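All remarks here apply to the structure that follows.
All values reported here derive from a predicted model rather than from experimental measurement. Residue numbers begin at 1 in each chain, while the letters A, B, ... track the order of the sequences.
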2 protein chains.
Amino acid sequence: MAQFFGVLGDANRWRILSALAVQDLRVSELADLVGMSDSAVSHQLRVLKGQHLVRYRREGRYRVYTLKDHHILTLYREVSEHLDEDL
Amino acid sequence: MAQFFGVLGDANRWRILSALAVQDLRVSELADLVGMSDSAVSHQLRVLKGQHLVRYRREGRYRVYTLKDHHILTLYREVSEHLDEDL
DNA sequence: TTAACATTTGAACACTTGTTCATGTATTAA
DNA sequence: TTAATACATGAACAAGTGTTCAAATGTTAA
């Protein structure tokens with residue numbers, strides 16, 4: 001449980017998830033979008049995969065990553081509301 | 001957002017929140033319940049307070065901590081379900 | 001088959017985080 | 001007022017985390 005939340009406790013990982021919420025993407029595309037190196041993105045995708053938050057399919061020589069569980073968006077909205085109360 | 005999730009990314013903080021979900025507690029009681037030092041609990045309560053997850057009221061020379069936002073329990077349940085899918 | 005491309009992997013490093021320990025502050029009982 | 005209690009705080013340290021860089025792997029185009 002704590003481990004799962006911990007994975008969501010990083011801004012770059014949220015950037016990756018947000019990008020994937022819009023559309024499936026290759027690693028290099030993700031890297032460009034979120035402004036990280038390919039390698040850093042790859043490392044983080046591994047972490048996200050570890051919590052079954054993303055998965056990939058192979059397309060030619062690319063790996064196209066996709067959001068595995070859209071529940072995460074619900075989670076995002078709920079926490080947003082919680083945080084709005086903090087003003 | 002990431003910061004909020006990061007705060008939930010620690011097992012000891014969840015232990016504290018879980019204990020407070022049952023009943024309001026003083027720092028020393030919390031420390032006993034979760035098996036941490038008073039000081040460690042105090043440090044973590046500060047972190048939780050920073051995200052408006054707990055608050056306290058003074059009672060005599062004690063501080064009685066209480067869950068400030070029970071939404072957190074909903075969050076817990078939702079993530080539990082997500083994690084159950086990972087089998 | 002070979003070269004180029006896309007991504008992963010592992011080691012190294014700086015940075016962050018959580019705990020302990022010693023000390024400080026606030027509150028009440030004596 | 002003083003001593004004791006309850007808790008907070010800050011510094012210090014170990015352990016954990018995220019990034020970079022170099023090298024390895026897998027895939028396709030030439």
**Report entry** B/Ser28 side chain near D/dC7 phosphate (N/O to OP1/OP2, under 4.0 Å)
**Finding:** yes

Query raised in the report: Out of curiosity, B/Arg55 CZ to B/Asp24 CG, how far, rounded to the nearest 0.5 Å?
Result: 10.0 Å

Report task. Quickly work out the B/Leu48 CG to D/dC7 P distance and round it to whole Å. Result -> 16 Å

Requested in this report: Give a yes or no on this: more than 12 heavy atoms of other residues, nucleotides or ligands lie within 6.0 Å of atom NE2 of A/His71.
Outcome: no

Query - Within one Ile-Leu-Val-Met-Phe-Trp-Tyr cluster: A/Val27 and A/Tyr62, side-chain cutoff 4.5 Å - result: no

Requested in this report: May I have the distance from B/Leu25 (atom CG) to D/dA6 (atom P), rounded to whole angstrom?
Outcome: 15 Å

Query raised in the report: Between A/Arg61 and C/dA4, is there a side-chain N or O to OP1/OP2 distance below 4.0 Å?
Result: no

Report task. Calculate the interatomic distance between A/Arg26 atom CZ and D/dG26 atom C1'; express it in whole Å. Result -> 16 Å

Query raised in the report: Between A/Met36 (CE) and D/dC21 (P), how many Å, whole number?
Result: 14 Å

Query - Whole angstrom value for the distance that separates P of C/dC5 from CD of A/Glu29 - result: 17 Å

**Report entry** Side-chain N,O (A/Arg63) to OP1/OP2 (C/dT8) below 4.0 Å
**Finding:** yes

Query raised in the report: Is B/Ser37 side chain donor-acceptor paired with the C/dC21 base, going by distance under 3.5 Å alone?
Result: no

Report task. Record whether the side chain of B/Ser39 comes under 3.5 Å of the base of C/dT19 through a donor-acceptor pair of N or O atoms. Result -> no

Query raised in the report: Can you tell me if the side-chain N/O atoms of B/Gln44 get under 4.0 Å from OP1 or OP2 in C/dT17?
Result: no

Query raised in the report: CG of B/Leu30 to CG of B/Asp38: how many Å apart, nearest 0.5 Å?
Result: 9.5 Å

Query raised in the report: Roughly, in whole Å, what's the span from CZ in A/Arg57 to C1' in C/dA6?
Result: 16 Å

Query raised in the report: Using a cut-off of less than 4.0 Å, is there contact between a side-chain N or O of A/Tyr65 and OP1 or OP2 of C/dT8?
Result: yes

Query - Closest-nucleotide 5' rank along DNA chain D - winner of A/Gly9 and B/His43 - result: B/His43

Query raised in the report: Whole-Å distance between C/dG18 P and B/Arg46 CZ?
Result: 14 Å

Query - Among D/dT19, C/dT7, C/dT28, the nucleotide that comes nearest once only the side chain of A/Asp38 is considered - result: C/dT7

Query raised in the report: Measuring from A/Leu20:CG to A/Arg15:CZ, what's the distance to the nearest 0.5 Å?
Result: 14.0 Å

Query raised in the report: Relative to the 5' end of DNA chain D, which residue comes earlier, A/Asn12 or A/Arg58, by the nucleotide with the nearest heavy atom?
Result: A/Asn12

Query - Atom-pair distance (CG on B/Leu45; C1' on D/dA8), nearest Å - result: 11 Å

